[in-house]
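Here's the structure, in structure tokens; my notes come after.
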Protein chains: 2
Amino acid sequence: MELSDRKKQILRAIVDIYVSTAEPVGSKAIAALPDMSFSSATIRNEMAELTQMGLLEQPHTSAGRVPSAAGYRLYIDELMQDYRLSVDETKSLSGAMELKMQEFDKLLSQVGQLVSKATNLPAYTVASHQGDVTAKRYDLIMAGPDSFILVLMTTGEVVKNKLIKLPLEVSEQDLKLLSAVLNASLTELTAEEFTNELLSRVTRNAGAAASLVPVIVDFTLSVLREQERSNVHLTGHMRLLGQPEYRDVEKAQEVLETLDEETISNLPAALHQQGPVQFLVGPENVAKELKDTSVVMMRFDIGEGMQGTIGVVGPTRMDYAKVTAKLSYFAENLGKMFQKNAAPALPDSIETKED
Amino acid sequence: MELSDRKKQILRAIVDIYVSTAEPVGSKAIAALPDMSFSSATIRNEMAELTQMGLLEQPHTSAGRVPSAAGYRLYIDELMQDYRLSVDETKSLSGAMELKMQEFDKLLSQVGQLVSKATNLPAYTVASHQGDVTAKRYDLIMAGPDSFILVLMTTGEVVKNKLIKLPLEVSEQDLKLLSAVLNASLTELTAEEFTNELLSRVTRNAGAAASLVPVIVDFTLSVLREQERSNVHLTGHMRLLGQPEYRDVEKAQEVLETLDEETISNLPAALHQQGPVQFLVGPENVAKELKDTSVVMMRFDIGEGMQGTIGVVGPTRMDYAKVTAKLSYFAENLGKMFQKNAAPALPDSIETKED
DNA sequence: ACATGGCACTCATTTCCGTTGAGTGCCATG
DNA sequence: CATGGCACTCAACGGAAATGAGTGCCATGT
């Protein structure tokens, strides 16, 4: 069923006011708005109907109204107006974004911190792989009498290394042979495809450096597995305490205890629609402890078969428009950074990817 | 001046009770203790004196007594009895310690999480270098037409790598030359010792691959700098909320806002004594916002010229004995892991160090 | 000289109750 | 069908009284 324009206007007004005051909104407050040309009585009648439709809620008989989860959902889907960042806001955000492209993980975790700071809410970033993660290239370096450095490159252009210390008499030649074998047999395999049979064949062909094989395989598997599961960075938990709904420590604790990397990585399961920006409102959330919190998340493209998400967690009463605008800003700039990075050019400090 | 045995006994009782109840302790409660053979009136007199000596405090006239910072200090230095972990406790701790030696950083951050969980308080870990951090060895790998992998090993056996993408026509030979030059000229230098003059000489000698030099140097400097400043991992902030002194959100927020990696790395400045285990009680702390919190920290040896610390942050009223016991457990086991690691032997998954 | 029981006093905390005021629902009116 | 008016509801505020844990000090006993 369709809402009348007047009901929409009133619902929007209620959400807008409630978002900034965190107090139930009364009919008088709405009637007092500049572009509201009805009396409080009329608004009361409309509000009664909106309540009956399940879009508003009344904490108790003689209190104002508060948007219900359904109300927020409708607001987000149909009524929310784009928030335009002010010049000042843009300036402070862009000031913050001046960070070096260091380790990929660190970059994401830094951006998470920026988002959290900018929104004054807990924020998270996720980097997840699309498709299979496999080893692409192995290199072995002789680093000392009993020291070897293994350098492993995986899909997604991620490079990891490990210092191996083993008392072992081998020549550069032996290492060359081993890495040739590794590159021939153990590339383009996901962690699951490392069978025992395969490994024993590799060990047999490995020559003098065969005793390195188990360590190398262990490492490779742990790198592949780590990259398979999405990498979540969550920061700024304590900013929730600034929100009036968590003035009660019990409430805050409950939410904060549920809010870990684990929970975050389960969030996408609750999504219905598709699209670059997603909202999970209150009870739509995965964990029941989060029934009064909402999540706004936004995708951005990393390239190299990877997919990033930045998100913000806050009370259901959250300034969705503003948060969305800020997330967009960051997502857009991250996207740009990665595009720049993809193009092999420009000898400055952000066009390379390291690990 | 020396305290009478009876005063000591009473002070200890007050700290012990207050630590577990978080309520001011009255004379009656003390008199009721099994090994207390004096009447409440006698204890009242003693308490009055202890108060006058500045070891106890009285929140208001008709309330019980609470240990002052000086009282805690005396308790820690003289009265505290070793807490023996129960079998159950040891079991649950040792269960938790079964973690793989993965990336060094990750290991520390995991241990931090374990400590925080075990003590139910915020915890941190620090790894800091003793002495200069310098580059030890450079290797260059040709990873594709326009891709090069730089592998850098520094003091402390830390290995880092970076994928460099530059459109550049060079041969394996050119790379070999460049790495020889790097190893000859840019090792055993701290970040400060990288002068412009030196760099231009290196660039001149670098041959065909000279355009890689700026990227390599940038990376090297950032790795050296990152290792110079101590690496702090802080987790479990929200566990503070479980403590009764932070039932008031305002208080909690104030502390949580000050409690960041920055503050933690400044803590050692406040230490007077030496020793493996250190206590910072309330106002002894660096930041005034932390005047009601205490820190217990414990050193452990990493080897390779590195030095580790694990620590716990909590209210001044904290079970110092229990926390110390648990920290000892973790510090000891970490120490063992690193000793094992130092000895180049045993082909299982914890004897190598990776990054 | 010192431990103890007794007692008056203090003061934070809790409980109760009346007041206030924001907000609603509904009805009569224009 | 919008509006003004009016009775009603109920959380929140505030002050007064009751409660009780704890102290300080004194008189007494050993």
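Worth knowing before you read on, the calculation uses all heavy atoms, side chains too, and leaves out hydrogens, waters and symmetry mates. By convention in this document, chain letters (A, B, ...) are assigned in the order of the sequence lines, proteins followed by strands, and residues within each chain are numbered from 1.
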Decide yes or no on salt bridge (charged side-chain N to carboxylate O under 4.0 Å, His left out) for A:Glu57 and A:Arg65, but give the supporting numbers first.
CA-CA 6 Å; A:Glu57 275 168 3; A:Arg65 301 303 212 287; over 6 Å; no
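- One atom, CE of A:Met47, and another, C1' of D:dA2, lie 17 Å apart when rounded to the nearest Å.
- For C:dT10, the OP1/OP2 oxygens have no side-chain nitrogen or oxygen of B:Ser62 closer than 4.0 Å.
- No option in B:Thr293, B:Val313, B:Thr316 other than B:Thr293 meets the side chain to side chain contact (heavy atoms under 4.5 Å, CB included) test with B:Asn285.
- Proximity of B:Thr61 to the phosphate of C:dA12: no side-chain N or O atom is located under 4.0 Å from OP1 or OP2.
- Here the P atom of nucleotide D:dG22 and the CD1 atom of B:Ile17 are 10 Å apart, to the nearest Å.
- OP1 or OP2 of C:dT4 lies within a sub-4.0 Å distance of a side-chain N or O belonging to B:Thr42.
- Atom pair B:Lys28:NZ and D:dT23:C1' shows a separation of 11 Å (rounding to whole Å applied).
- For A:Arg44 and D:dG4, a side-chain-to-base donor-acceptor distance below 3.5 Å is absent, hydrogens and geometry of angles not being considered.
- Computed from coordinates, the B:Glu46 CD to C:dA1 P distance equals 17 Å when rounded to whole Å.
- Nucleic acid contact for B:Ala63: sugar-phosphate only, since backbone atoms but no base atoms lie under 4.0 Å from a heavy atom of the residue.
- In this structure, CD1 of B:Ile43 is placed 14 Å from C1' of C:dG5, rounded to the nearest angstrom.
- The shortest distance between the side-chain N/O atoms of B:Ser40 and the OP1/OP2 oxygens of C:dG5 is not below 4.0 Å.
- Checking D:dA21 for Watson-Crick or G-U wobble geometry (two distances, each under 3.5 Å) identifies C:dT10 as its partner.
- At whole-Å resolution of the value, CD in B:Glu23 and P in C:dA12 are 15 Å apart.
- Using the Watson-Crick or G-U wobble rule with both distances under 3.5 Å, C:dC27 pairs with D:dG4.
- Contact between the side-chain N/O atoms of A:Arg65 and the OP1/OP2 oxygens of C:dG25 is found at a separation under 4.0 Å.
- Ionic pairing of B:Asp292 and B:Lys251 is present here: one or more N-O contacts between side-chain nitrogen and carboxylate oxygen are shorter than 4.0 angstrom.
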